[in-house]
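Note on naming: letters A, B, ... go to the chains in the order of the sequence lines (proteins, then strands), and numbering restarts at 1 for each one. Given the structure is predicted, the values throughout are model-derived calculations rather than measurements. Side chains are part of it too, since the values below use all heavy atoms of this structure and drop only hydrogens, waters and symmetry mates.
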There are 4 protein chains.
Amino acid sequence: MTRTRREQAEWRREQLLDAALRVFAAKGVDGASVKDISDAAGVTPGLLYRYFESKEALVETLLAERGFLPRLRELLTATGRDARPATEVLTELLAAFDGLLADNADLVAVFFSATHARAAMAELVREGQRLIGDFLAARVAAGELRPHDTATAARTVFATVAVSRRTGSPVDVERLVELLFPDER
Amino acid sequence: MTRTRREQAEWRREQLLDAALRVFAAKGVDGASVKDISDAAGVTPGLLYRYFESKEALVETLLAERGFLPRLRELLTATGRDARPATEVLTELLAAFDGLLADNADLVAVFFSATHARAAMAELVREGQRLIGDFLAARVAAGELRPHDTATAARTVFATVAVSRRTGSPVDVERLVELLFPDER
Amino acid sequence: MTRTRREQAEWRREQLLDAALRVFAAKGVDGASVKDISDAAGVTPGLLYRYFESKEALVETLLAERGFLPRLRELLTATGRDARPATEVLTELLAAFDGLLADNADLVAVFFSATHARAAMAELVREGQRLIGDFLAARVAAGELRPHDTATAARTVFATVAVSRRTGSPVDVERLVELLFPDER
Amino acid sequence: MTRTRREQAEWRREQLLDAALRVFAAKGVDGASVKDISDAAGVTPGLLYRYFESKEALVETLLAERGFLPRLRELLTATGRDARPATEVLTELLAAFDGLLADNADLVAVFFSATHARAAMAELVREGQRLIGDFLAARVAAGELRPHDTATAARTVFATVAVSRRTGSPVDVERLVELLFPDER
DNA sequence: CATGAATGAGTTTTCATTCAT
DNA sequence: TATGAATGAAAACTCATTCAT
């Protein structure tokens with residue numbers, strides 16, 4: 001109950017970021033007012049400016065601190081998979097990616113709405129595709145997967161999962177993997 | 001140079017829609033002001049209201065009149081393809097779809113930015129996936145393509161083309177088709 | 001059917017004044033737009049400016065040309081009454097005044113709404129009270145009515161009729177006269 | 001000089017209502033801009049919207065909070081009059097009513113100008129006439145006043161005082177009462 | 001730390017008025 | 001005579017931001 005100053009400040013900061021994320025996702029960055037956000041956080045607009053320089057700084061902080069690129073990287077490079085079949089690992093990977101997007105639906109919405117976020121989103125996509133492509137290439141090199149254009153394949157699965165999430169009709173990742181690698185079960 | 005009143009009005013209307021599309025794509029619907037649009041069209045803000053009831057009505061008109069769903073439908077249902085190999089037709093189809101998105105990049109941007117456009121975009125995606133899926137299913141039934149989950153395949157190619165366009169790194173549709181149907185060349 | 005230029009112009013002018021009167025009465029002078037008026041007249045706003053210099057000029061013309069002060073004067077000074085009993089004449093007079101207000105309800109509304117019309121209305125009231133006062137004084141002098149403060153009496157009946165009209169509950173003028181002159185029937 | 005937040009807000013609210021009342025009275029509700037009002041209050045237009053939802057809400061608040069119907073009711077029903085002669089009480093009553101209108105000249109002007117206020121004004125008139133009518137009827141029943149149409153009489157005195165106030169030539173209430181009840185002095 | 005009154009620069013929208021056709 | 005496209009100025013209103021308390 002008793003928080004130190006520092007804890008309290010940290011807690012408030014996070015609370016504001018939470019509120020901002022929710023509100024931005026619902027109304028879009030431009031459509032949401034500072035008042036909307038402070039209302040959602042149960043504080044007054046003025047307080048927001050003790051924690052963030054401006055509305056724009058708030059958006060940037062959100063993108064920087066809540067961005068899930070690190071988590072995506074983790075997911076896609078997790079070790080201890082070498083022993084398991086490529087299609088199994090790939091399925092799991094895509095499911096994890098799908099889950100990541102689901103968990104961060106609000107942030108994804110911000111990525112889509114904000115003109116600012118264009119670059120951040122592009123980076124996410126590039127990185128994701130590269131990591132999946134590397135995985136596929138390694139397994140092709142190992143002779144486990146048939147030779148194919150791994151970059152295109154990575155791009156394909158990545159895009160499919162992302163769009164499916166965004167349009168609200170989640171994809172069945174098993175089927176997706178089977179579509180691409182029908183013989184490697 | 002001399003235009004009738006009616007022609008002038010029609011021309012101005014289109015010009016305003018053009019300007020709005022450009023500005024909305026660049027700044028987002030919420031980020032663009034009516035003044036931005038009228039400036040882009042070289043007129044005064046008031047004039048916009050002779051042609052459209054409100055900024056919102058302008059967005060709706062844009063989505064309704066400049067929507068490329070009809071063109072998409074045309075593309076995907078064009079006849080005279082029965083005689084040609086499925087992969088060839090599919091490649092052509094996806095290239096056309098990619099071209100359509102390229103031609104309508106601004107509108108696509110609006111679809112992405114506007115909270116209003118969420119529904120319109122979802123419909124576009126659904127329709128596109130359905131039409132491609134139907135095509136694939138017919139060719140599978142005809143024994144030309146290997147049996148596979150045609151719905152997932154449709155979703156895959158559709159999403160891949162769309163995301164590639166959006167992220168600015170156009171996909172090579174031939175490679176995409178070959179990835180899915182390596183043996184049907 | 002064929003009108004001379006002059007006739008046509010006169011007719012249109014009157015039509016515009018009619019429309020303006022109706023619209024001003026309904027929405028108030030400030031609340032009514034030039035477009036409202038031209039719409040009501042079935043013409044375009046531009047045309048209005050061929051007949052009147054400005055919206056304000058239109059109001060002034062309305063007050064000047066449609067003012068019923070002349071008619072009021074006529075009513076209150078009509079001759080051929082000397083032979084009849086004062087209360088009878090007074091009753092008839094007030095009824096006629098009431099009728100005049102009813103016939104000009106729209107104009108009265110404009111008088112009330114327009115800040116401009118304050119002076120015109122005051123003049124109307126003054127004149128009306130003076131004329132009724134003169135009538136009463138003459139009859140007192142003739143010994144037909146009891147001596148009383150004729151100015152106050154005039155003001156009283158005038159105000160009563162006017163307010164009753166305006167608030168929508170027309171007064172029974174016979175009762176009003178009987179109230180003031182119970183013995184002079 | 002030092003005011004608490006709450007006091008300051010309350011004070012500002014009243015100040016804005018004061019300013020609005022003055023400006024509305026001078027220019028009419030439609031003729032007055034929000035800027036006119038904020039200028040009169042020495043603040044920026046935006047501040048007005050912290051205290052009132054819209055210009056229309058401001059008018060309604062004015063009518064509701066500054067309406068003098070309660071005060072009118074008080075005046076006309078004040079007790080402790082039974083012992084005094086009816087004409088004396090009536091004279092005093094009308095003088096008080098006249099004073100009330102004088103004190104609220106601005107509000108009366110708003111009543112006259114605003115299309116919205118039509119209903120509020122009608123209620124005021126109705127109520128006022130009813131209360132005066134009741135008073136007269138009681139005194140007739142008590143045999144103190146001659147039998148007469150008390151409703152018409154009430155309407156008469158009410159209208160006379162109101163119009164006189166409005167047209168700027170205050171009535172002499174003693175004379176008015178004497179006109180109606182010449183023998184009851 | 002937190003409030004919320006206040007600002008100023010913007011927003012969308014309206015409208016009296018002009019003028020080429 | 002009549003139209004209606006276009007303007008410019010102002011309207012109502014919003015909102016990010018500041019600051020005294």
**Student:** Before accepting this row, confirm whether a basic side-chain N of the pair A:Asp30/A:Lys55 lies closer than 4.0 Å to the acidic partner's carboxylate O.
**Tutor:**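 Result for this pair is no, no salt bridge flagged.
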**Student:** Provide, to the nearest angstrom, the distance between the CD atom belonging to A:Glu10 and the P atom belonging to E:dC1.
**Tutor:**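 Value for this atom pair: 12 Å.
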**Student:** Figure out the CD/P separation between A:Gln15 and E:dC1, and round it to whole Å.
**Tutor:**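 The distance from CD of A:Gln15 to P of E:dC1 comes to 14 Å, rounded to the nearest Å.
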**Student:** Indicate the atoms forming the closest heavy-atom contact of B:Arg13 with B:Thr61, along with that distance.
**Tutor:**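 Taking B:Arg13 first and B:Thr61 second, the nearest heavy atoms are NH2-CG2, 3.7 Å.
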**Student:** Closest-nucleotide mapping onto DNA chain E: is D:Trp11 or A:Ala9 further toward the 5' terminus? I mean the 5' end.
**Tutor:**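 Going by which nucleotide is closer to the 5' end, it is A:Ala9.
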**Student:** Pull out every stem in DNA chain F, meaning runs of 3 or more consecutive Watson-Crick or G-U wobble pairs with both distances under 3.5 Å.
**Tutor:**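 Listed by first number, the stems are E:2-21 with F:2-21.
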**Student:** Ignoring hydrogens, what is the shortest heavy-atom contact between B:Ala32 and B:Phe24? Give both atom names and the distance.
**Tutor:**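 That closest heavy-atom pairing would be CB-CD2, 3.7 Å.
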**Student:** Work out which heavy atom in C:Leu58 is nearest to a heavy atom in C:Leu48; give both atom names and the distance.
**Tutor:**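 Heavy atoms only, the tightest pair is CD2-CD2, 3.9 Å.
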**Student:** Would you mind classifying the nucleic acid contact of D:Tyr51 as base, sugar-phosphate or nothing, using non-hydrogen atoms under 4.0 angstrom?
**Tutor:**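 D:Tyr51: backbone/sugar contact only, no base atoms under 4.0 Å.
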**Student:** Is a donor on one side and an acceptor on the other found under 3.5 Å between the side chain of A:Asp39 and the backbone of A:Asp36?
**Tutor:**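 Not a single qualifying donor-acceptor pair exists.
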**Student:** Which atoms form the tightest heavy-atom contact between A:Leu101 and A:Arg165, and what is the distance?
**Tutor:**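 Looking at all heavy atoms of both residues, the closest pair is CB-CG, 3.6 Å.
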**Student:** Do the side chain of B:Arg5 and the base of F:dT3 come within less than 3.5 angstrom through a donor-acceptor pair of N or O atoms?
**Tutor:**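 Under the 3.5 Å cut-off, the side chain and the base do form a donor-acceptor pair.
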**Student:** Looking only at heavy atoms, what is the nearest atom pair of A:Pro45 and A:Val34, with distance?
**Tutor:**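 Scanning both residues completely, I find the closest heavy atoms to be CB-CG1, 4.2 Å.
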**Student:** OP1 or OP2 of F:dA6 sitting under 4.0 Å from any side-chain N/O of B:Tyr49?
**Tutor:**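 No.
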**Student:** Rounded to whole Å, please give me the gap between CG in B:Asp39 and C1' in E:dT11.
**Tutor:**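 Rounded to whole Å, this separation is 14 Å.
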**Student:** Remember a base hit wins even if backbone is also touched, and classify A:Arg50 as base, sugar-phosphate or nothing at under 4.0 Å, heavy atoms.
**Tutor:**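 The residue A:Arg50 makes base contact.
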**Student:** Using a 4.0 Å heavy-atom cut-off, does C:Ala32 contact any base of the nucleic acid, only the sugar-phosphate backbone, or nothing at all?
**Tutor:**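 Sugar-phosphate contact only.
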**Student:** How many Å lie between CG on D:Leu47 and P on E:dA9, as a whole number?
**Tutor:**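 My rounded result for the distance is 16 Å.
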**Student:** Rounding to an integer number of Å, can you tell me how far B:Arg13 CZ sits from F:dA6 P?
**Tutor:**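 In whole Å, F:dA6 P and B:Arg13 CZ are 14 Å from each other.
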**Student:** Between B:Tyr51 and B:Arg12, is there a cation-pi geometry (under 6.0 Å to ring centre, at most 45° from the normal)?
**Tutor:**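 No - B:Arg12 does not lie over the ring of B:Tyr51 by the 6.0 Å and 45° rule.
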**Student:** Return the value, rounded to whole Å, for the distance between atom CD1 of C:Ile37 and atom P of F:dA2.
**Tutor:**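 Distance, rounded to whole Å: 17 Å.
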**Student:** Figure out the NZ/P separation between B:Lys35 and F:dC13, and round it to whole Å.
**Tutor:**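 Rounding to the nearest Å, NZ of B:Lys35 and P of F:dC13 are 23 Å apart.
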**Student:** On the nucleotide F:dA5, are OP1 or OP2 found under 4.0 Å from the side-chain N or O atoms that B:Arg12 carries?
**Tutor:**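 The answer is no; no side-chain N or O of B:Arg12 sits under 4.0 Å from OP1 or OP2.
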**Student:** Given that B:Gly42 and D:Val34 both sit by DNA chain F, which one's nearest nucleotide is further toward the 5' end?
**Tutor:**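 It is B:Gly42 whose nearest nucleotide is closer to the 5' end.
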**Student:** Measure from CG on D:Leu48 to P on F:dT14 and round the result to the nearest Å.
**Tutor:**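 The distance from CG of D:Leu48 to P of F:dT14 comes to 12 Å, rounded to the nearest Å.
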**Student:** Is B:Thr44 touching bases, backbone alone, or none of the nucleic acid, heavy atoms closer than 4.0 Å?
**Tutor:**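 Base, at least one base atom sits under 4.0 Å.
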**Student:** For D:Asp30 and C:Gln8, take the nucleotide of DNA chain F holding the closest heavy atom to each; which residue's nucleotide lies nearer the 5' end?
**Tutor:**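 The 5'-side residue here is C:Gln8.
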**Student:** State, to 0.1 Å, how close B:Leu107 and B:Gly67 come at their nearest heavy-atom pair, and which atoms those are.
**Tutor:**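 Minimum heavy-atom separation between B:Leu107 and B:Gly67: CD2-CA, 3.7 Å.
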**Student:** Hey, is CD on C:Glu53 packed in by over 12 heavy atoms from elsewhere, all under 6.0 Å?
**Tutor:**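 It does not: C:Glu53 CD has 12 such atoms or fewer within range.
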**Student:** Heavy atom of residues 54-66 of chain B under 4.0 Å from DNA chain E: which residues?
**Tutor:**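 By residue number: B:Ser54, B:Lys55.
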